[in-house]
Amino acid sequence: MRHFLDIDDLQPSDLARILNLATTRNPPPVLAGKGASLLFEKPSARTRSSTEMAVVQLGGHPTYIGPAEVGLDERESVEDVTRTLACYSAVIGARVFDHRTVKRMAAVSAVPVINLLSDAAHPTQAVADLLTIRAARGHLEGRVLAYVGDANNMARSLAYAAGLSGMAVRIASPPGYEFSEADLRRMRRRGCEPVQVQKPAEAVSGADVVYTDVWTSMGQEEEAEQRRKDFAGFRVDRRLMARAAAGAVFMHCLPAHRGEEVASTVMDGPSSLVWPQAANRMHAARGLLLWLMEQV
Ligand code: CP
Ligand code: NVA
């Protein structure tokens with residue numbers, strides 16, 4: 001049985017298959033008469049709604065479970081919650097604070113587990129991002145993606161997704177916010193190691209895709225003030241975009257903090273793909289569900 005906890009669980013052929021399934025017309029109703037439990041420890045607009053709709057499109061019934069309802073490791077252990085939900089559902093999706101939680105779920109689950117975002121990874125978004133880049137730029141292989149900002153969950157999944165698709169990745173992060181040595185070693189083993197540079201302009205120069213994410217992720221709110229200081233100079237604005245390749249696109253997983261990591265002029269500008277990205281979340285989720293159900 002397959003699980004989907006981060007992109008580096010995949011072979012390049014799996015990723016290509018998921019992208020193709022995401023764009024399959026008239027997908028088979030593989031979830032007909034079945035449930036999908038979607039458990040969220042953190043807020044969500046895109047991930048919840050797009051995954052719910054993907055489940056519906058495949059004939060299934062999504063059940064949203066909010067943070068107050070389950071009480072992971074408080075009312076009941078992660079393992080017992082997982083075993084319970086697997087009694088009713090053909091798939092379990094979870095957005096969690098600690099990546100170890102989705103690993104614990106997958107270890108005992110009788111059905112596939114999807115990571116809907118953890119502190120370490122945001123793989124469903126990265127699949128949607130590949131769909132978006134492929135649609136906008138024709139192909140992935142050989143494209144250069146520049147990531148400006150925190151080497152966070154988004155950056156990590158994106159580095160794997162882009163790397164396994166034959167893209168080159170450059171990342172500029174302030175000191176202290178770069179990928180760890182352990183991350184880089186793991187990425188190197190998969191042939192996905194990004195080039196780390198000091199300055200945003202170095203990363204963006206000649207790039208086909210310029211990507212950023214919030215400076216303060218969910219769960220880090222108490223660090224927001226310090227991070228605003230540390231990330232000064234890392235905003236994606238029109239001047240920075242002008243250094244990218246002709247026809248370069250801007251991407252952000254959203255939600256965005258306009259005026260912090262991205263200027264509104266870029267986010268609302270002609271190179272912005274933020275809304276196609278959001279739309280592709282549903283198609284990516286459908287592709288993933290189809291792929292997971294292939295081996296149940
Ligand atoms: N991009 C993304 O995951 O958005 P949500 O947090 O709204 O789900
Ligand atoms: N890095 C962000 C992504 C939100 C979709 C966070 O974890 O909050």
Side-chain angles (χ1 to χ4, degrees), residues 2-31 36 38 40 44-60 62 64 90-95 102 112-118 120-141 143 145 147 153-167 192 209 211 213 249 251-255 272-295:
R2 289 167 167 165
H3 298 289
F4 183 71
L5 303 188
D6 198 359
I7 302 282
D8 65 333
D9 295 338
L10 305 176
Q11 294 303 317
S13 56
D14 295 323
L15 194 50
R17 171 101 186 122
I18 292 167
L19 295 182
N20 288 338
L21 287 169
T23 50
T24 298
R25 284 177 196 274
N26 304 317
V30 294
L31 293 177
L38 306 177
F40 286 78
S44 168
R46 282 147 290 271
T47 306
R48 175 186 173 178
S49 298
S50 60
T51 310
E52 286 195 4
M53 281 313 300
V55 170
V56 169
Q57 288 170 348
L58 297 177
Y64 170 78
V91 61
I92 297 173
R95 168 167 286 195
V102 281
V113 173
I114 304 179
N115 178 7
L116 297 175
L117 182 145
S118 65
H122 195 6
T124 59
Q125 177 72 51
V127 173
D129 296 339
L130 292 183
L131 281 178
T132 310
I133 298 167
R134 195 175 67 173
R137 303 308 309 263
H139 62 92
L140 299 172
E141 201 164 356
R143 295 290 186 198
L145 183 146
Y147 182 95
N153 46 5
M154 191 65 252
R156 195 172 289 109
S157 292
L158 204 55
Y160 282 117
L164 292 180
S165 308
M167 298 177 72
C192 296
V209 179
Y211 201 115
D213 184 17
V249 295
M251 298 178 71
H252 191 311
C253 57
L254 306 181
S272 175
L273 292 182
V274 300
W275 304 119
Q277 276 182 274
N280 278 327
R281 292 298 306 277
M282 185 172 69
H283 307 308
R286 210 177 46 246
L288 272 169
L289 289 164
L290 285 165
W291 179 75
L292 289 169
M293 290 301 132
E294 278 180 345
Q295 282 200 7

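Just so you know, these numbers come straight off a predicted model, no measurement behind them.
Residues satisfying the side-chain hydrogen bond (donor to acceptor under 3.5 Å, both in side chains) test with R95, not counting sequence neighbours, are T47. Contacts of S157 classified as side-chain hydrogen bond (donor to acceptor under 3.5 Å, both in side chains), with partners at least two apart in sequence or in another chain: D6. Take Q57 and apply the side-chain hydrogen bond (donor to acceptor under 3.5 Å, both in side chains) test, not counting sequence neighbours, and it matches R286. Not counting sequence neighbours, the partners of R2 by the salt bridge (charged side-chain N to carboxylate O under 4.0 Å, His left out) test are E294. For the salt bridge (charged side-chain N to carboxylate O under 4.0 Å, His left out) test, residues two or more places apart in sequence or in another chain that qualify with R156 are D183. Remark: T23 pairs with L131, R134 by the side chain to side chain contact (heavy atoms under 4.5 Å, CB included) rule, at least two apart or across chains. Among residues two or more places apart in sequence or in another chain, the side chain to side chain contact (heavy atoms under 4.5 Å, CB included) test is passed with T132 by M251, L273, P276, Q277, N280. Taking the side chain to side chain contact (heavy atoms under 4.5 Å, CB included) definition, one finds that P12 meets it with L164, R190, sequence neighbours left out. Considering only residues two or more places apart in sequence or on other chains, D213 meets the side-chain hydrogen bond (donor to acceptor under 3.5 Å, both in side chains) condition with N152. Qualifying salt bridge (charged side-chain N to carboxylate O under 4.0 Å, His left out) partners for R46, counting only residues two or more places apart in sequence or in other chains: none. Remark: L288 pairs with F4, I18, T124 by the side chain to side chain contact (heavy atoms under 4.5 Å, CB included) rule, at least two apart or across chains.
Side-chain atoms of Q125 and N153, non-hydrogen and from C-beta on, never get closer than 4.5 Å to each other. Looking only at side-chain heavy atoms (C-beta outward), L290 and P28 come within less than 4.5 Å of each other. Considering only heavy atoms from C-beta on, P62 stays 4.5 Å or farther from T51 through its side chain. Counting only heavy atoms from C-beta outward, the side chains of L145 and I133 approach each other to under 4.5 Å. Inter-residue side-chain proximity for V30 and L289 is flagged as unmet; no heavy-atom pair is nearer than 4.5 Å.
Judged as a salt bridge (charged side-chain N to carboxylate O under 4.0 Å, His left out), the pairs with a partner in residues 48-60 (not counting sequence neighbours) are, in order, R48-E52.
In this structure, P112 and A90 approach most closely via the heavy-atom pair CD-O, 3.3 Å. Closest non-hydrogen pair, L5 versus A121, comes out as O-CB, 4.1 Å. Considering every non-hydrogen atom in both L116 and G93, the closest pair reads CD1-C, 3.6 Å. Of all the heavy atoms in L15 and A161, the pair that sits closest is CD2-O, 3.8 Å.
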Evaluate side chain to side chain contact (heavy atoms under 4.5 Å, CB included) for L31 paired with M293, printing each intermediate quantity in order.
CA-CA 8 Å; L31 293 177; M293 290 301 132; 4.0 Å; yes
Report the C-alpha separation of W291 and L10 in whole Å, then their side-chain angles, then the decisive distance to 0.1 Å, and conclude whether the side chain to side chain contact (heavy atoms under 4.5 Å, CB included) test is met.
CA-CA 11 Å; W291 179 75; L10 305 176; 3.4 Å; yes
Side chain to side chain contact (heavy atoms under 4.5 Å, CB included) between V127 and I7, intermediate numbers included:
CA-CA 8 Å; V127 173; I7 302 282; 3.9 Å; yes
Side chain to side chain contact (heavy atoms under 4.5 Å, CB included) evaluation trace for R17 with D14:
CA-CA 5 Å; R17 171 101 186 122; D14 295 323; 5.6 Å; no
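The NE2 atom of H122 sits 6.0 Å away from atom CE of M154, with the distance rounded to the nearest 0.5 Å. Between the OH atom of Y160 and the CG atom of D9 there is a distance of 9.5 Å, given to the nearest 0.5 Å. Atom CG of D129 is separated from atom SG of C253 by 7.5 Å, given to the nearest 0.5 angstrom. Distance check: S13 OG to N20 CG gives 11.0 Å after rounding to the nearest 0.5 Å.
When atom types are taken as modelled, the side chain of S118 and the backbone of A120 share a donor-acceptor pair closer than 3.5 angstrom. Side chain of H139 to main chain of E141: a donor-acceptor pair is present (N/O by atom type, distance under 3.5 Å, no hydrogens or angles).
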